[in-house]
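Fair warning: this is a prediction, and the values are worked out from it, not measured in the lab. In this chain, residues are counted from 1 in sequence order.
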Amino acid sequence: MDKNYYNADDLKKFGNIVEFQKEMGEKFFGYYGEVFKEGALTAREKSLIALAVAHAVQCPYCIDAYSSDAYEKGYSESQMMEAVHVAAAIRGGASLVHGVQMMNKVKKISL
């Protein structure tokens, strides 16, 4: 049995997802490729966004891929960490703002 659930080598096998569902897998990769093309945002900007989102969704494969990609596209360690802090702030804020829902509920049931 593997010691860890996450296996870094699996990132290299990402393209293999088409083996079990070719049509949807190919559509996903087509879409993915389009998303990361130059557009209103540069590929470089999209890489930093992807790095932040990877941390927000806590995907170790994405973190590996976009840490390398963002660094290769010229982002500094400081810029990359700042993007991670932005993701953390948004994630934390999203949890806290849902506290308003809890407060509303508690106020309603405590009447």
Side-chain angles (χ1 to χ4, degrees):
M1 179 175 234
D2 291 336
K3 291 183 180 183
N4 297 305
Y5 182 76
Y6 166 70
N7 181 348
D9 291 333
D10 285 346
L11 180 57
K12 297 173 193 152
K13 301 174 189 174
F14 186 30
N16 297 350
I17 65 163
V18 298
E19 289 179 20
F20 282 24
Q21 219 311 335
K22 184 176 172 83
E23 183 180 347
M24 284 190 243
E26 288 177 350
K27 286 180 180 182
F28 170 78
F29 284 118
Y31 170 74
Y32 193 89
E34 287 296 316
V35 165
F36 283 93
K37 284 184 180 177
E38 295 277 333
L41 298 171
T42 66
R44 184 174 186 268
E45 291 166 330
K46 291 177 180 186
S47 180
L48 190 63
I49 293 167
L51 178 64
V53 171
H55 283 81
V57 300
Q58 298 178 323
C59 174
Y61 301 102
C62 301
I63 292 168
D64 279 2
Y66 287 100
S67 293
S68 297
D69 193 62
Y71 189 79
E72 289 167 5
K73 285 185 168 57
Y75 283 105
S76 69
E77 294 164 350
S78 177
Q79 289 170 314
M80 293 165 61
M81 185 56 76
E82 191 167 329
V84 171
H85 279 280
V86 169
I90 295 298
R91 187 175 174 133
S95 294
L96 289 172
V97 76
H98 279 83
V100 174
Q101 181 180 353
M102 176 273 300
M103 292 166 64
N104 291 339
K105 180 67 176 181
V106 170
K107 286 176 183 178
K108 186 177 178 182
I109 62 175
S110 67
L111 294 176

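The nearest pair of heavy atoms linking Phe14 to Phe29 is O-CZ, 3.5 Å. Nearest heavy atom pair, residue Ala94 against residue Val97, reads O-CG1, 3.4 Å. Taking both residues in full, the closest heavy atoms of Ser47 and Lys73 are given as CB-CD, 3.7 Å, listed atom of the first, atom of the second, then distance. Across all their heavy atoms, Gln79 and Leu48 have their closest contact at O-CD1, 4.2 Å.
Tyr66 has its ring centre no less than 6.0 Å from the ring centre of Tyr71.
Judged purely by atom type and a 3.5 angstrom limit, Gln21 uses its side chain to pair as donor or acceptor with the backbone of Glu23. A donor-acceptor pair under 3.5 Å is formed between the side chain of Ser110 and the backbone N or O of Val106. Lys37 places no side-chain N or O within donor-acceptor distance of the main-chain N or O of Ala43, the cut-off being under 3.5 Å. Using modelled atom types, no side-chain atom of Arg44 and backbone atom of Ala70 make a donor-acceptor pair closer than 3.5 Å.
Taking OH of Tyr32 as the reference point, atom CZ of Phe28 lies at 6.0 Å (rounded to 0.5 Å). To the nearest 0.5 Å, the span separating CE on Met80 from CD on Glu77 amounts to 7.5 Å. Rounding to the nearest 0.5 Å gives a distance of 8.5 Å between CG of Leu11 and OG of Ser68. Between Glu19 atom CD and Asn16 atom CG the span is 4.5 Å, to the nearest 0.5 Å.
Hydrophobic clustering keeps Val18 apart from Phe20 (ILVMFWY residues linked when any side-chain heavy atoms are closer than 4.5 Å, directly or through intermediates). Leu41 and Val53 fall within a single hydrophobic cluster, where Ile, Leu, Val, Met, Phe, Trp and Tyr side chains are chained together by heavy-atom contacts under 4.5 Å. Taken together through direct or relayed side-chain contacts under 4.5 Å among Ile, Leu, Val, Met, Phe, Trp and Tyr, Ile49 and Val57 form part of one hydrophobic cluster.
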Could you check Arg91 against Gln58 for side-chain contact (heavy atoms from CB on, under 4.5 Å), going step by step and ending with a plain yes or no?
CA-CA 11 Å; Arg91 187 175 174 133; Gln58 298 178 323; 3.6 Å; yes
Where do Thr42 and Lys46 land on the side-chain contact (heavy atoms from CB on, under 4.5 Å) test, with the steps shown first?
CA-CA 6 Å; Thr42 66; Lys46 291 177 180 186; over 6 Å; no
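By the 4.5 Å heavy-atom criterion applied to side chains, Tyr75 and Leu51 are not counted as neighbours.
A 6.0 Å sphere centred on CD of Gln101 holds no more than 12 heavy atoms belonging to other residues, nucleotides or ligands.
There is a side-chain donor-acceptor pair under 3.5 Å between Tyr6 and Asp64.
Using a cutoff of 4.0 Å between basic side-chain nitrogens and carboxylate oxygens, Asp9 and Lys13 are not scored as salt-bridged.
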